[in-house]
Amino acid sequence: MEILRTITEVREYVVGQRARGARIGLVPTMGYFHAGHLELMRRAGGAGYTVVVSIFVNPTQFGPGEDYERYPRDLARDAQMAQTAGADVLFVPEAAEMYPSGYGTYVQVEGVSEGLCGAARPGHFRGVATVVCKLFNIVQPEAAFFGQKDYQQVMVIKRMAADLNLPVAITVVPTVREADGLAMSSRNTYLSPEERRQALALYQALRLGERLIKSGERRAAAVETALREGLQKPGVRLDYAEVRRAGDLARVEVIEDDAVLLVAAWVGQTRLIDNLVVGV
Ligand code: PAF
């Protein structure tokens with residue numbers, strides 16, 4: 001597995017692969033891998049793609065006071081894990097490679113970027129859409145792989161790819177969870193042992209909401225109340241708990257189509273998100 005640092009190097013690599021008839025699968029990440037990332041790589045490799053994994057802690061998607069500086073980074077560990085998961089190349093650019101001096105172009109996706117994490121983290125999805133659009137242009141993959149855990153992010157990227165006619169198939173891979181249900185996240189490493197126990201409230205609240213819908217509840221407000229109650233646990237501070245239509249994140253009063261339950265909460269100093277799609 002090669003580690004490439006510059007856009008020129010990765011472009012040359014991709015051109016060489018294509019000349020040999022390869023199709024490229026991109027797995028965009030911010031590194032500090034967990035089983036969820038490795039699953040994305042395995043899915044890309046399993047589908048026959050040459051697997052390009054980007055590792056870039058993207059400064060434009062972090063707001064002031066967020067965890068950009070302390071976001072966990074460990075390239076040696078990541079490289080070993082990616083190789084085991086079948087990645088063919090790691091693209092690890094510096095910030096100045098992606099955003100050279102004078103940089104001034106950003107991608108703003110309207111609609112699906114608003115509300116939920118978009119309300120709590122102004123500018124976040126503008127940064128995500130911008131860097132993912134740049135990665136698509138740099139790597140020009142046939143397919144790109146994202147985790148369902150970042151549900152709104154996936155909707156933003158799908159909208160962007162459709163609106164800007166980007167010729168890339170977006171594959172969404174189900175959330176990988178710890179044995180007790182906690183969604184895998186690089187940010188879980190911030191949690192103390194006590195916070196780790198408290199963090200389980202997110203998944204438990206989602207399961208509560210799911211049970212309600214499965215038992216026939218169709219009023220979104222009633223399900224949202226149950227989600228909020230499920231998150232009223234020691235050490236947990238609610239950010240949002242909402243029911244949206246799974247297909248387009250539209251707000252609903254009555255659940256008539258597949259729904260997605262989305263929660264975000266602070267556990268100590270760590271903001272965690274999770275979601276569950278419930279078929280009706
Ligand atoms: O999900 C992430 O890790 C990031 O938001 C992404 C998609 C790599 C863009 O920086």
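Residue numbers run from 1 in the order of the sequence given. Atoms within each ligand, like the ligands themselves, are counted from 1 in listed order.
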Undergrad: Mind checking who shares a hydrophobic cluster with Ile55, ILVMFWY linked at side-chain heavy-atom distances under 4.5 Å?
TA: Met1, Ile3, Val27, Phe33, Leu38, Leu40, Met41, Tyr49, Val51, Val53, Leu75, Met81, Leu90, Val92, Phe145, Val173
Undergrad: Name each N or O atom in ligand 1 that is under 3.5 Å from a protein N or O, and give the partner atom and the distance.
TA:
{"unit_1": "ligand 1", "atom_1": "1 (O)", "unit_2": "Gln153", "atom_2": "NE2", "d": "2.8"}
{"unit_1": "ligand 1", "atom_1": "5 (O)", "unit_2": "Gln61", "atom_2": "NE2", "d": "3.0"}
{"unit_1": "ligand 1", "atom_1": "5 (O)", "unit_2": "Gln153", "atom_2": "OE1", "d": "2.7"}
{"unit_1": "ligand 1", "atom_1": "10 (O)", "unit_2": "Gln61", "atom_2": "OE1", "d": "2.6"}

Undergrad: Does Arg43 make a cation-pi contact with Phe146 (under 6.0 Å, within 45 degrees of the axis)?
TA: no
Undergrad: I'd like to know if Arg207 and Glu210 make a salt bridge, using a cut-off of under 4.0 Å between side-chain N and carboxylate O.
TA: yes
Undergrad: Regarding Asp248 and Arg245, does a basic nitrogen lie under 4.0 Å from an acidic carboxylate oxygen?
TA: yes
Undergrad: Not counting sequence neighbours, list each pair that qualifies as a side chain to side chain donor-acceptor pair (under 3.5 Å) and has a residue in residues 253-267.
TA: none
Undergrad: Please identify each residue that fulfils side chain to side chain donor-acceptor pair (under 3.5 Å) with Asp163, with sequence neighbours left out.
TA: Arg159
